[in-house]
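First the proteins, then the strands, lettered A, B, ... as listed; each starts at 1. All values below come from the heavy atoms of this structure, side chains included, with hydrogens, waters and symmetry mates left out. Quantities reported herein were computed from a predicted structural model and do not represent experimental measurements.
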Amino acid sequence: MQYHFNEIEAKWQKYWADNQTFKAENNSEKPKYYVLDMFPYPSGAGLHVGHPLGYIASDIYARYKRHKGFNVLHPQGYDSFGLPAEQYAIQTGQHPALTTEENIKTYRRQLDQIGFSFDWSREVRTSDPEYYKWTQWIFIQLFESWYCKHSNRAFPISELEKVFASEGNAAVEAVCDDNVEVFSAKQWNAFSDVEKQEILLKYRLTYLAETEVNWCPALGTVLANDEIVNGVSERGGHPVIRKKMTQWSMRISAYAERLLQGLDTIDWTESLKESQRNWIGKSVGAEIEFRIQNSEFRISVFTTRPDTIFGVSFMTLAPEHELVLKITTPDQKAEVEAYIQATAKRSERDRMADVKTISGAFTGAYAEHPFTKKPIPIWIGDYVLAGYGTGAVMSVPCGDQRDYDFAKHFNIPIPNIFEGVDISEEAFSDKDNTVISNSDFLNGMNYKKATKRAIFELEQIGQGQGKTNYRLRDAVFSRQRYWGEPFPVYYVNGLPQMIDKAHLPIRLPEVEKYLPTETGEPPLGRADVWAWCTETNSVVANKKVNNTTVFPLELNTMPGWAGSSWYFFRYMDAQNNQEFASDEALKYWENVDLYIGGSEHATGHLLYSRFWVKFMKDRGFVQVEEPFKKLINQGMILGTSAFVYRLSYMFANPKEEESLGKQLLKKLDNIYISHSEFISKGDLEANKEYLKELKRKLAEIAGLSDASELENVIVVPLPIHVKVQYINASDELNIEGLKNDSEFGEDYQNAIFIGENGKIIEGENDVYKVGREVEKMSKSKYNVVNPDSICEQYGADSLRLYEMFLGPLEQAKPWNTAGITGVHGFLKKLWKLYHQGENGSFYVHSSTSLETLGESFKTLHKTIKKVEEDIEGFSFNTSVSTFMIAVNELTAQKCTSKQVLEPLLILLSPYAPHIAEELWSKLGHGESIATAPFPKFEEKYLVENTKNYPISFNGKMRFTLELPLDMSKEDIEKTVMAHEKTKDQLQGREPKKVIVVPGKIVNIVG
RNA sequence: GCUGAAGUGGUGGAAUUGGUAGACACGUUGGACUUAAAAUCCAAUGAACAUUAGUUCGUGCGGGUUCAAGUCCCGCCUUCAGUACCA
């Protein structure tokens, strides 16, 4: 009986689907466990072997938890709004909904063939109106909320209105815009409706604001910083400019402190938490106000070192700072303007990355020190960024290296305010060892005391106060795109109005083109039917807009992270059309127990989701404060690219090229040499012998009588990517395959390959070796390996095992298909183990005498222990080895016992579910193995009587000696010392010391 | 620059609290089976010397602690990832 994996896998995939084996119940006696993969975007290219890595890991864990008696929720769906589908639509005119549908089909087929235990009845798609209806609803809730700093949570905006009506806004501690003016209850009640709306907008958790964005005219959209490379768009390389736009923003900054504190309550990797901490960027210090001499203007700075206030010798403003042009003296005007212009050309990234170049300009103006009243020169410098803090720095060169470098460069004095510290070479920024001097009332104090005192004194004179600053900025929530959630918003007199929940979803309108309009409006500006009628409560034709009953709708759409910030709740109750999920479902499933995905989402998705969840909790929609309890990052799978080396020729003197003749060179045009040491070292010219031989060969090919004509030609091997599918496990090129390739075969039709042995390859015996290099897996590098072909050739179980076998989950690692034969061979051996009957028939029997099973039980329980520990510790690679060892041992033992082979299948089933199901059913089970209880480890089978002690001399192991485990230290020493090999080793020397660690080792010193 | 992670055979990687470095695979070499190939099975496989026993060197580099270091400590180098003049 052979192992027909294709049949077996198709059979069980069908069985699981037909029987809904992995459907999770929302009511269960069992404890719940929620395993989630990060939301995939269904790209047109389909899956490559790198994608399923995390899914396989989470699937193993989900299946394991089922064996452990948990009610497991393991859903999957699609983050199906996004730019690639839109780009494709722009190019081809195809509706993104259609291409998305197609791509999802491919994804689904590919996912199904790997045998994941997803509960597909809960599938969600962010682009489905039944889903984005609730995304729109959450947006409305954010609009209808404000954040109270006092209670440190969000409340309905209606409560704020009541407060305004009864006592005005003076006592309200809210997170709001900076420019809110104080009003009384009386004033509020006298405000017109429009005025009230305008004020409330400054308090709402989502609000309209003018934001500076990276505008790409060619793409007609705003780009994130990392979508811009070297000042042009990553996609297409179009120029990008800074532009102000009115856009929706999310007041995530209100949650900065809670987002920071929450990190301590969740089990994420330290590196991930660290990057969120950095992103939130909390710093405690003071805001200090400096007067400007001979001017009404004042400059606010934020500093973390108010204790160094007496060390200020200059101030630096960001070149974009609004006061710069207002305070610059006529003398300095030209210089300052030139500097501002130079800065504007540099991207923010550029300015930040370059720490070596020091530049700046003096404004000619002076600030006044709050205590000493001495003048402080005001400079501008591009190391200060307008977007951070207040865009101004009080520069303390003795305590900050950047200020120090700036001062040195421009010959600004560097007063020393630290006791007993030499600052002639560099600044002293060690807070812990600071003793302040030359600082009036701060003299002799340490950092902590001085900081407190400085803030106190600043408050006394009304020029500053303690302040906590966060780097986290409010998130822009508008996108000038078509393929995203439409806002449930229409405008009355330019003020946004929410559409009632009852009329959701507001569906994406049809447009004839997916580009921005000619006037620069977003693609929705092209829709003809995109206005809101307040009488019929429906979307109507634009031409009906009268601004009394019919109003224009919002033209922007929501960003990609809108739908992905709450999808994990939808899976709990995906079909619910009354609520985004029922209270019961939310209560039962709580939040995600295990989340597996890439670390690239550290400061995007993973931060926004936490924000929305906290908001939803404040408003009582969910019970949990955090979305993901435990999070694991899977490492990237890299590709192993293959190269052939095409010879190209260079001439020291162009005349030589002429004299040699184009005809002749053409004959030498399509020659490839095999990979060798010289090539990997990139040093063909240095290997005279090889080169001489090669040129002789070239002369032969070109039909020259001898190689002398080629003497001065410089031969350069050019590496060219070839498709990895034509390379075998030994890095040998399938030349015939390459020549018949539908895409590139033509190029190689007349190619000459020079093999490893230096001969021209003609027959089948000669071998051409390719060079290999590890690179990111990508279509353009021809190193993409598709899971489809692997499943076809080796089966899904082999793919699953091999992906795990490659190495630790979190680590980046190269893919090399060659190694898969190892795990595939293992599965065949496993199959054989259950087919030891006549002619390879299935044979497993119940052993009556358990004594004969001693060794097999030992193997089994050793395996149970290791596999259980491995899964709990997410060390999936090591359990694959453990399975191999177990099968090797049981095969050697000729084990056919059901008592051993049955539990073994359960251990294996999370990793290789298809073969496990098949053998399980052959054992006579009528039901799926999916919920069979995980075998219990019993220590008693592993108890040993003896230990093979390593006997080392001066720490080096020389031989081993089998001794009883209950032997005393003294007896062990005696036995070892009496041993002949010990005497051999010592050669008559007297050992100084003998270390005996019972159960571990013996070490003889001397 | 800073932060984090990692450097182990030809390759992917194992190695418990410091206790036999290289498990398990791939690849390579030799052999068995076969008309042949595939598949399968067996053996060898860190390096050098000795080719029998064995010896020496080996976990990025240099030190240290220890009876014993891949593992702990100090200093450095390299690679990868993230990130910023956060004042």
Subject >> Residue pair His824(A), Tyr802(A): steps toward the ring-ring contact (aromatic ring centres under 6.0 Å, His included) verdict >> reply: CA-CA 8 Å; His824(A) 188 65; Tyr802(A) 187 55; over 10 Å; no

Taking atom [atom1] in both [N] and [M], compute the distance separating them and give it to the nearest angstrom.
{"N": "U16(B)", "M": "G54(B)", "atom1": "P", "value": "28 Å"}
{"N": "U59(B)", "M": "A21(B)", "atom1": "C1'", "value": "7 Å"}
{"N": "G60(B)", "M": "G9(B)", "atom1": "P", "value": "8 Å"}
{"N": "C74(B)", "M": "C26(B)", "atom1": "C1'", "value": "39 Å"}
{"N": "C57(B)", "M": "U52(B)", "atom1": "P", "value": "23 Å"}
{"N": "G1(B)", "M": "A84(B)", "atom1": "C1'", "value": "9 Å"}
{"N": "U56(B)", "M": "A50(B)", "atom1": "C1'", "value": "11 Å"}
{"N": "A6(B)", "M": "C73(B)", "atom1": "P", "value": "13 Å"}

[X] vs [N]: side-chain N/O to OP1/OP2 distance below 4.0 Å:
{"X": "Thr304(A)", "N": "A87(B)", "result": "yes"}
{"X": "Asn816(A)", "N": "A25(B)", "result": "no"}
{"X": "Arg958(A)", "N": "G54(B)", "result": "no"}
{"X": "Ser283(A)", "N": "A87(B)", "result": "yes"}
{"X": "Asn877(A)", "N": "G12(B)", "result": "no"}

Rounded distance in Å - [atom1] ([X]) to [atom2] ([N]):
{"X": "Phe959(A)", "N": "A53(B)", "atom1": "CZ", "atom2": "P", "value": "17 Å"}
{"X": "Ile885(A)", "N": "A25(B)", "atom1": "CD1", "atom2": "P", "value": "7 Å"}
{"X": "Glu274(A)", "N": "A81(B)", "atom1": "CD", "atom2": "C1'", "value": "14 Å"}
{"X": "Leu830(A)", "N": "C24(B)", "atom1": "CG", "atom2": "C1'", "value": "16 Å"}
{"X": "Arg471(A)", "N": "A84(B)", "atom1": "CZ", "atom2": "P", "value": "5 Å"}
{"X": "Met957(A)", "N": "A69(B)", "atom1": "CE", "atom2": "C1'", "value": "17 Å"}
{"X": "Phe883(A)", "N": "A23(B)", "atom1": "CZ", "atom2": "C1'", "value": "16 Å"}
{"X": "Leu607(A)", "N": "G82(B)", "atom1": "CG", "atom2": "C1'", "value": "15 Å"}

Regarding Arg277(A) and Glu274(A), does a basic nitrogen lie under 4.0 Å from an acidic carboxylate oxygen? yes

### Query
Do Lys969(A) and Glu973(A) sit within salt-bridge range, that is, some charged N less than 4.0 Å from a carboxylate O?
no

Checking all strands, does [X] fall into the base, sugar-phosphate, or nothing category for heavy-atom contacts under 4.0 angstrom?
{"X": "Val393(A)", "result": "base"}
{"X": "Lys1000(A)", "result": "base"}
{"X": "Lys282(A)", "result": "nothing"}
{"X": "Asp403(A)", "result": "nothing"}
{"X": "Arg277(A)", "result": "nothing"}
{"X": "Asn278(A)", "result": "nothing"}

Exercise. Name the orientation class of the two ring planes belonging to Phe290(A) and His369(A) (parallel below 30°, tilted from 30 to 60°, perpendicular beyond 60°).
Key: perpendicular

Practice prompt. Mind telling me whether His601(A) and His605(A) have parallel, tilted or perpendicular rings, with 30° and 60° as the class edges?
Written response: perpendicular

As a test of reading the structure: which of [options] is closest to the side chain of [X], going by heavy atoms?
{"X": "Ile1001(A)", "options": "C57(B), G19(B), C67(B)", "value": "G19(B)"}
{"X": "Pro950(A)", "options": "A23(B), A87(B), U20(B)", "value": "U20(B)"}
{"X": "Arg402(A)", "options": "G19(B), C24(B), A87(B)", "value": "A87(B)"}
{"X": "Met884(A)", "options": "A87(B), A25(B), C57(B)", "value": "A25(B)"}

Syn within 90° of 0, anti beyond: G9(B) is syn

Q. Is it true that the side chains of Tyr339(A) and Ser359(A) contain a donor and an acceptor less than 3.5 Å apart?
A. yes

query = Quick check: does any side chain N or O of Gln836(A) sit under 3.5 Å from a backbone N or O of Leu833(A), one acting as donor and the other as acceptor?
reply = yes

If we only count heavy atoms from C-beta on, is the Ile266(A) to Leu631(A) side-chain gap below 4.5 Å? no

### Task
Measure the shortest side-chain to side-chain distance between Val867(A) and Phe883(A) over non-hydrogen atoms and say whether it is less than 4.5 angstrom.
yes

Residues in residues 800-815 of chain A with a heavy atom under 4.0 Å of RNA chain B, by number, are Phe805(A), Leu806(A), Pro808(A), Gln811(A), Lys813(A)

Using a cut-off of under 3.5 Å, enumerate the N/O to N/O pairs linking the protein to nucleotides 39-41 of chain B.
{"unit_1": "A39(B)", "atom_1": "O3'", "unit_2": "Lys828(A)", "atom_2": "NZ", "d": "3.4"}
{"unit_1": "U40(B)", "atom_1": "OP1", "unit_2": "Lys828(A)", "atom_2": "NZ", "d": "3.4"}

When Val284(A) and Trp279(A) are each assigned the nearest nucleotide of RNA chain B, the 5'-most assignment goes to Trp279(A)

Taking Watson-Crick and G-U wobble contacts under 3.5 angstrom, with | marking pairs to another strand and [ ] crossing pairs, the secondary structure of RNA chain B is written (((((((..(((......[....)))((((((.......))))))((((....))))..(((((..]....))))))))))))....

Before giving the answer on ring-ring contact (aromatic ring centres under 6.0 Å, His included), spell out for Phe410(A) and Phe314(A) the whole-Å C-alpha distance, their side-chain angles and the decisive distance to 0.1 Å.
CA-CA 11 Å; Phe410(A) 290 107; Phe314(A) 62 103; 8.7 Å; no

